[in-house]
Amino acid sequence: MEKTIALIPGDGIGPDVVAEAVKVLDAVAKKYGHKWNYRDVIAGGAAIDKFGKPLPQEQLDICLSSDATLLGAVGGPKWDNVAPEIRPEKALLGLRGGMKVFANLRPAVMWPQLKDACPLKDEIVGNGLDILVVRELTGGIYFGDRGTSADGKTAWDTEKYSWEEIERIVRLGFQFAQKRQKHLTVVDKANILNSSRLWRKVAEEVHKEYSDVTLDFLYIDNASMQLVRNPRQFDVIATSNMFGDILTDEASQITGSIGMLASASLGDGTGPGLYEPIHGTAPDIAGKDLANPLATILSAAMLLRYSFKLETEAKAIEDAVNAVLNAGWRTGDIAGSKLAEVKAQGKLVGTKKMGELVVEELNK
């Protein structure tokens, strides 16, 4: 198989972790007889510095003409004072809207080897956590009408959803639930928001087609509490753009480290997918060989699975990561309470070494 992958290293630790994911992708290509053609894309703060805008059309066009896009991270304090309309984060919204990737899949998996890095009690997490959040990505308050009054003393952002936008997310939620534990939870704020009441109405209607799946609803405030009180009650969560943003960051912490969580942003299947770790740019450790590249490496596995339909190759990456963790190798963020022990054993590694270890496992 020959495919083109657009690479957006971005800002902060983005270039560090993307470089390791590329090494892993190259190892997969060599082992399984594929060829990846990489195309570099400049977006986020790096694009502001070079072009004066976070996502020039010609850079977006590279993504649109590729088979998939792998993104590191964008943003950082360097650009905190630029005009709101050209903040680095606008690149993310531009990519999601331009690529028409409306569904964000965020697996929140607690690897058993990293249980000591989880802040929750053992009786709460049991043998581990495996939650899939399906987040709506191109609608809601992040894309709604917004403004600030002339005197600067009033501002507004609008939460707006159509039946179609909700249905395609809820339907995906049901489909993934069918392949897992057959339980879908829709998270909303239906006691207050009209848009959330529409989410419930759509979910109940679509549920008629998936009667084998249990459907329930939780308000966002209760869901946030339940996620730390009893996370094992969840299987698949479907929710809006803003609520999904909040819940997945919370989920990243209860699973041990945000440095382990990958994501896939998908559309209707006719265009390329967008894959990225959910961590930020961490500019304080950028270029210091300290960042955990595993979330980006696992995002590359999702790219192979969902865009290229290469399940064997995707699982090979995940198995390699599992083997590396089994062997006791850790970056600082996943060493948890055993940091001193890991260091004494010589198992504390940096970004590059962790990437090399995954490649070594793939080559066995």
Side-chain angles (χ1 to χ4, degrees), residues 4-22 25 38-66 68-102 104 106 135 137-138 142-143 146 241-242 244-245 248-249 252 258-259 261-267 271-293 295-300 302-303 351:
T4 299
I5 301 173
L7 299 176
I8 310 178
D11 311 313
I13 62 172
D16 303 339
V17 295
V18 167
E20 300 313 307
V22 168
L25 284 169
Y38 300 112
R39 303 180 68 190
D40 292 328
V41 175
I42 302 173
I48 294 173
D49 290 346
K50 184 168 184 176
F51 304 113
K53 58 179 70 174
L55 184 65
Q57 183 62 47
E58 63 269 20
Q59 299 298 308
L60 173 60
D61 287 343
I62 295 174
C63 297
L64 293 172
S65 61
S66 300
T69 294
L70 181 65
L71 167 67
V74 298
K78 178 182 178 181
W79 303 279
D80 279 351
N81 296 319
V82 301
E85 62 271 17
I86 62 164
R87 284 186 62 84
E89 293 78 11
K90 290 289 185 180
L92 291 178
L93 300 183
L95 285 164
R96 293 164 182 171
M99 296 175 70
K100 295 182 173 57
V101 286
F102 55 79
N104 186 221
R106 293 195 172 188
R135 169 190 171 192
L137 204 58
T138 57
Y142 291 175
F143 287 84
R146 67 191 62 201
N241 205 340
M242 181 169 65
D245 195 358
T248 51
D249 272 11
S252 74
I258 199 169
L261 299 192
S263 78
S265 299
L266 308 176
L274 175 64
Y275 301 84
E276 59 181 307
I278 77 167
H279 59 64
T281 54
D284 56 319
I285 61 171
K288 297 181 180 179
D289 196 35
L290 293 174
N292 183 352
T296 313
I297 289 170
L298 291 168
S299 295
M302 296 184 79
L303 182 156
T351 311

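What you see is a predicted model, and the numbers here were worked out from it, not measured in a lab. Throughout, residue positions are numbered sequentially from 1 according to the sequence presented.
- Note that OH of Y275 is 13.5 Å distant from CD1 of I8, once rounded to the nearest 0.5 Å.
- Partners of T248 under the side-chain hydrogen bond (donor to acceptor under 3.5 Å, both in side chains) rule, at least two apart in sequence or in another chain, are R106.
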Name every donor-acceptor pair, under 3.5 Å, that has one atom in a side chain of residues 71-86 and the other anywhere in the protein, sequence neighbours excluded.
residue	atom	partner	partner atom	Å
K78	NZ	D49	OD2	2.8
W79	NE1	G45	O	3.4
W79	NE1	D49	OD1	3.0

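- Put simply, the side chain of D16 never gets that close to the backbone of D289: no donor and acceptor are under 3.5 Å apart.
- Residues meeting the side-chain hydrogen bond (donor to acceptor under 3.5 Å, both in side chains) test with R146, sequence neighbours left out: none.
- Side chains of R96 and L92 form a contact here, defined as non-hydrogen atoms less than 4.5 Å apart.
- Considering only residues two or more places apart in sequence or on other chains, A262 meets the side-chain contact (heavy atoms from CB on, under 4.5 Å) condition with L298, S299, M302.
- Residues I13 and H279 are in side-chain contact: their nearest non-hydrogen atoms beyond the backbone lie under 4.5 Å apart.
- Under the rule for a side-chain hydrogen bond (donor to acceptor under 3.5 Å, both in side chains), the partners of S265 that lie at least two apart in sequence or sit in another chain are N104.
- Annotation: side chain of L7 is in contact with side chain of V22 (closest heavy-atom distance under 4.5 Å).
- Between the OG1 atom in T351 and the CD1 atom in I285 there is a gap of 7.0 Å [rounded to 0.5 Å].
- Legend: residues meeting side-chain hydrogen bond (donor to acceptor under 3.5 Å, both in side chains) with T4, ordered by chain and number and at least two apart, are absent.
- Distance check, rounded to the nearest 0.5 Å: CG of L55 to CG of L93 gives 10.0 Å.
- Taking all atoms of both residues into account, the shortest heavy-atom contact from E276 to S263 is O-OG, 2.8 Å.
- Contact record, A295 with I258: CB-O, 4.3 Å, taken as the closest heavy-atom pair.
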What's the verdict on side chain to side chain contact (heavy atoms under 4.5 Å, CB included) for L25 and I5, showing C-alpha distance, side-chain angles and the deciding distance?
-> CA-CA 10 Å; L25 284 169; I5 301 173; 4.1 Å; yes
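- Here the side chains of R135 and D245 are in contact, with some heavy-atom distance below 4.5 Å.
- Taking OG of S66 as the start and CG of D61 as the end, the distance is 10.5 Å to the nearest 0.5 Å.
- With rounding to the nearest 0.5 Å, the separation of OG1 in T69 from CG in L303 is 8.5 Å.
- When atom types are taken as modelled, the side chain of Q59 and the backbone of I42 share a donor-acceptor pair closer than 3.5 angstrom.
- Within the 4.5 Å cutoff, the side chain of R87 has no heavy atoms near those of the P54 side chain.
- The structure places CD of E20 at 9.5 Å from OG1 of T296, a figure rounded to the nearest 0.5 Å.
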